[in-house]
Every structure is written in structure tokens, then in C-alpha cells.
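Heavy-atom basis, side chains included; hydrogens, waters and symmetry copies ignored. Just so you know, these numbers come straight off a predicted model, no measurement behind them.
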2 protein chains.
Amino acid sequence: MSAAAHGLAAPPGGERTASKSQLAYEWLHEQIVAGALEPGARLVLSQVADKLDVSVVPVREAVRRLEAEGLVTFERNIGATVAGIDPTEYLYTMQTLSLVEGAATALSAPSITAEDIAAAREVNERMRVFLEPDPLHFDPVEFTALNREFHSVLFERCPNPHILDLVHRGWNRLKALRGSTFSYVPERATESIAEHEALLALIESGAPTAEIELAARRHRSATLDAYLAHTGENPGFPTL
Amino acid sequence: MSAAAHGLAAPPGGERTASKSQLAYEWLHEQIVAGALEPGARLVLSQVADKLDVSVVPVREAVRRLEAEGLVTFERNIGATVAGIDPTEYLYTMQTLSLVEGAATALSAPSITAEDIAAAREVNERMRVFLEPDPLHFDPVEFTALNREFHSVLFERCPNPHILDLVHRGWNRLKALRGSTFSYVPERATESIAEHEALLALIESGAPTAEIELAARRHRSATLDAYLAHTGENPGFPTL
DNA sequence: TATACGATGATCGTATACGATCCAGCCCGG
DNA sequence: CCGGGCTGGATCGTATACGATCATCGTATA
């Protein structure tokens with residue numbers, strides 16, 4: 001899993017000798033997105049600095065960058081905490097991702113090659129395997145990873161770097177939040193794989209951009225709806 | 001022009017005594033968005049620090065935050081420069097804004113009151129005045145400010161804070177870029193005011209969310225299209 | 001004259017030190 | 001027994017100092 005391919009902000013001017021602030025940023029980012037740092041966990045600057053064997057200044061800078069991405073909150077004289085305690089954050093993040101990912105997929109569509117389609121289809125088949133035996137062997141983490149890999153093929157060619165960046169941030173945020181609020185709905189997995197196939201067919205057929213955007217958006221919205229129905233909370237969440 | 005109302009990130013825990021990093025951030029933000037600092041202008045940390053009578057550390061932090069918002073670029077051992085030299089940045093920013101603003105407007109619609117509509121309509125009438133005398137008296141800056149005020153009414157009630165934040169960032173970025181690449185098309189102004197009225201009517205009528213989103217998006221896309229037609233550049237820019 | 005190379009200054013990157021602020025627990029009075 | 005004020009520790013915020021890196025310009029040489 002290459003960092004750049006998943007939206008980890010790299011220092012623009014190459015990486016001669018990674019600056020310590022960049023090191024701290026990447027380490028914290030990894031810890032948070034991988035779930036090693038639970039949502040709500042306290043981040044003490046001096047402790048992080050000691051652990052990475054750097055001073056607090058670069059750590060402070062890294063935390064600020066993570067704050068801008070919504071992965072941590074940072075308050076004056078209070079400190080930094082890993083974001084994501086509030087369950088509605090999950091809803092907002094999903095909704096935002098549904099918006100930007102739909103657009104990114106639509107904008108990518110004209111550039112998607114037959115090889116891309118084949119690769120995506122192969123990933124989708126690997127996801128299907130997870131459904132076979134019985135629900136107990138279902139691995140949400142692995143399944144989600146494959147899901148991201150599938151969708152990456154569909155949106156990675158988005159020509160608008162801003163939109164693409166928003167998609168990456170959304171996925172990362174989602175991974176960070178998952179630890180606390182994620183509640184996977186197994187029934188949804190089956191539907192999801194079928195929708196993936198439909199999405200591929202739609203792109204192959206050269207459907208209009210607007211249609212692809214809507215399909216991709218709905219695909220994610222449906223997951224959100226399933227989550228809402230499953231938990232039974234936030235019944236009045238406004239839909240897009 | 002209140003800062004908070006236009007998406008200036010405020011320190012979450014109130015503002016007892018604004019931290020110096022916050023001071024530097026707000027000052028630079030103001031300078032860039034107001035156009036006092038031209039796109040491409042060099043920002044030397046020590047000079048900014050001297051000007052604001054603070055040390056370089058808070059300035060450095062402020063610059064990093066601005067970088068995360070896309071208002072400046074910051075390269076190792078090179079320094080910070082105000083973003084916006086590349087003309088395609090304008091296109092990307094407009095496209096992204098069209099996406100998120102459309103969604104924000106649609107999500108706001110159910111919460112928009114009759115008073116909101118009236119206020120927006122009043123602003124739109126003030127914009128109309130600019131068209132009256134003759135094109136030479138047209139003031140793009142003032143017109144744009146009113147335009148933002150109008151749209152603020154329509155998207156400010158968006159319940160999703162992430163999407164709302166993206167809208168604010170988009171507008172700020174647009175203001176920052178305007179200095180270098182903005183080319184206002186007077187004919188478009190007349191159309192724009194008419195579309196504003198149509199948007200208000202649509203919202204008043206309680207139209208479906210999807211319809212409002214599309215109308216709001218198209219409204220901005222049309223401005224982008226007019227710009228592209230006017231300049232004659234980037235003919236193959238992918239549309240959303 | 002053009003090019004390669006080295007010295008120099010400017011600027012960024014980080015470490016360290018110290019002051020400012022907040023939270024928690026204790027003490028004391030009611 | 002309970003509540004308010006105070007003190008101590010922890011943590012953040014900023015200033016200053018110094019090392020690292022890069023762009024620039026002058027000079028020597030082919």
C-alpha cells in the first residue's frame with residue numbers, strides 16, 4: 001500500500017531527506033488511519049516527540065496538518081485528540097465522500113481503460129469470496145480494504161486534483177473513524193458487490209457523465225442508509 | 001464582513017487572547033483573500049514575523065495552515081509563495097466549488113426561511129444596479145462581493161459542516177486567485193442575476209433536493225463555461 | 001565567449017528554554 | 001458532609017539560537 005496512492009500528502013519537492021515534521025506527520029497519519037490510535041485518544045506533543053526522537057516543534061506542525069485534514073482536533077492549552085468520538089461525524093463524512101467520490105468517478109470515466117475495468121472486476125471477485133462460507137468468517141477490515149482498492153481504480157484518474165484530494169481525505173477519515181462508530185451491515189455487502197458490477201457495466205457502456213456520477217453517489221448513499229437503518233439512530237438525517 | 005461568516009477558521013475554544021499563530025494566520029489570510037498579496041508573491045517567514053512583531057514559529061504554523069487550504073505553497077528550503085499562478089487552478093477550483101456549493105445549497109434548502117429568501121432577493125436587486133448605467137461603471141470586485149453574500153444565504157444553513165467548510169474554502173481560494181487569472185465576463189452578469197431569481201423561486205416552490213442541487217451547480221458551471229468561452233483556452237476541460 | 005565551479009548570503013528546519021495557561025486534587029471553612 | 005478557593009503538576013505557546021540547505025553571483029578556464 002503505497003502512501004502516495006492513498007492520498008498521503010508528500011512534500012512537493014521530492015524526498016531527499018524527509019524532514020522531521022514530515023516524518024511525524026506520516027507516522028501519526030499511519031497510526032490514526034490504521035486504527036492504532038483510537039478515536040478520542042489524547043496526543044501529547046512531548047510524548048510523541050520523545051517516541052519519534054524529535055523535538056516538539058515538528059510534531060506540533062504535523063498535528064496542525066492533521067487537524068486541517070480533520071483527523072485530529074487541537075485546542076489551545078488543551079492539546080490534541082484523535083478525532084471521531086461524535087457518531088454523527090461518520091454520517092457527515094460518508095455524505096461528503098458520497099458527493100466527491102461520485103464526481104471523481106464521473107470525471108474519471110472517460111479516461112478509464114479496459115485494463116482498469118478488468119482490474120476492478122478482479123478485485124470485486126476477490127470481495128465476493130468473503131461472502132461464500134458463512135457470515136462468521138466475514139472480515140470487515142479486509143473487505144473494506146478491497147472495497148477501497150476497487151473504488152480507487154474508478155476515481156484515481158480524476159483530472160481535478162482538488163476533488164481527488166477530497167476523496168482521499170474522505171476515505172482516510174472514514175478509516176480513522178471506523179474504530180469507534182463503524183458498524184458493518186453484512187447484508188449490505190452482497191448488494192454492494194452487485195452494484196460494483198453494475199457500475200463497471202455503466203462505465204463500459206460509455207454512459208453520460210451525469211448518470212455515472214449519480215450511480216456512484218447512490219452506491220455510497222445506500223451504504224449510509226443501511227447503516228442508519230441498522231443502528232436506528234438519526235432518523236431525520238438529510239439525504240443528498 | 002465578519003470573519004466567521006466567511007469561513008475563517010477561528011480558534012475553537014473562544015478567543016480569550018488570540019494566539020499569535022492565529023493572529024498571523026488571520027493577517028495572512030486577509031492579505032491573500034483581499035488581494036493585497038498578489039498570487040505568486042513570495043512570503044518570507046522572518047519578514048512576516050517582523051511585520052507582525054512575533055517570532056517565526058507562529059508564522060510558520062500559520063503558513064502551514066494556509067497551505068492546507070490551498071492558499072499558499074510551501075516548499076522545503078525554498079519558502080512560501082501565494083498560490084495561484086497556474087490558470088488551470090482557477091478551473092479546478094471553480095469546478096470543485098460548483099460541486100460542493102450545489103450540494104450545500106440543496107442541503108440548506110429545507111431550512112431556508114422566507115426571511116432568508118427576502119434577504120437574498122434584496123441582495124440580488126442590489127447587484128442588478130451594477131448593470132444599469134454602462135459597462136464601464138461595472139465593478140467586478142463589488143459585484144463579486146454581493147454575489148458571495150447572495151449565495152451565502154443559500155448555503156449557510158447546510159447541516160453538514162464538512163461540506164460547508166469546503167464551500168468556504170472554495171470561495172476564499174477563488175478570491176485569492178482572482179488577482180491573476182480572473183476575467184469577468186460582463187454579459188454573464190446579466191444571466192447570473194436572472195438565474196439567482198430562478199434559484200430563489202425554485203427553493204420557494206419546495207422543489208426536490210436533487211433539482212435544487214443541479215440548478216445551483218449549473219449556475220456556477222455556466223460562469224465557468226462563460227469564462228472558458230471568453231478566454232478561448234482549455235477547450236477540452238472536462239465538464240461535470 | 002560560454003561554461004563549470006566554488007564562495008557567499010539568504011532562508012528554512014529544528015532544538016532548547018522559558019513563560020502562560022489549564023486541569024486536578026487538596027485544604028479549609030461553612 | 002459539602003462547596004469554594006488555592007496550589008502543584010502537566011502541557012501548550014512562543015522566543016531565541018544554531019545548523020542545514022539552496023539560490024545566486026563572481027571567477028577562472030577551455
Checklist entry - Can a side chain N or O of A/R60 be found less than 4.0 Å away from OP1 or OP2 on D/dG13? => result yes

Intermediate values then yes/no, salt bridge (charged side-chain N to carboxylate O under 4.0 Å, His left out), B/E61 and B/R64
CA-CA 5 Å; B/E61 187 175 310; B/R64 283 296 199 190; over 6 Å; no

(message) Using modelled atom types and a 3.5 Å cut-off, is there a donor and acceptor pairing between side-chain atoms of A/D116 and backbone atoms of A/T113?
(response) yes

From CD of B/E75 across to C1' of D/dT21 the rounded distance in Å is 14 Å

Subject >> Residue pair B/L164 / A/Y92, side-chain heavy-atom distance below 4.5 Å >> reply: no

ask   = For D/dA15, does OP1 or OP2 lie under 4.0 Å from any side-chain N or O of B/S55?
value = yes

The reported gap from CD in B/Q95 to CG in A/L107 (rounded to nearest 0.5 angstrom) is 5.0 Å

Side chain proximity check, B/V123 to B/R126, heavy atoms < 4.5 angstrom: yes

Whole-Å distance, B/L45 CG to D/dC18 P, equals 20 Å

Review point. B/F237 versus B/M94: any side-chain heavy-atom pair under 4.5 Å?
Key: no

The answer to which of B/V44 and B/V57 contacts DNA chain C further toward the 5' end, by nearest nucleotide, is B/V44

Whole-Å distance, B/D50 CG to D/dA15 P, equals 11 Å

The single option from A/R148, A/R220, A/R217 that satisfies salt bridge (Lys or Arg N to Asp or Glu O under 4.0 Å) with A/E101 is A/R220

Per nearest nucleotide of DNA chain C, the residue lying toward the 5' end, B/R42 or B/V56, is B/R42

Atom CG of A/L52 and atom C1' of C/dT14 are separated, to the nearest Å, by 14 Å

Taken to the nearest whole Å, NZ/B/K20 to C1'/D/dC12 is 15 Å

When rounded to whole Å, the OH to P distance for the pair B/Y25 and D/dG13 reads 16 Å

Dot-bracket for DNA chain D, 5' to 3', Watson-Crick and G-U pairs with both distances under 3.5 Å, [ ] for crossing pairs, | for partner on another strand, reads ||||||||||||||||||||||||||||||

Q. When all nucleic acid strands are considered with a 4.0 Å heavy-atom cut-off, which category describes A/L23: base, sugar-phosphate, or nothing?
A. nothing

Between CG of B/L43 and P of C/dA10 the distance, given in whole Å, is 19 Å

Picking from D/dA15, C/dA15, D/dA23, the nucleotide nearest the side-chain atoms of B/V54 would be D/dA15

When rounded to whole Å, the CG to P distance for the pair A/N77 and C/dT21 reads 7 Å

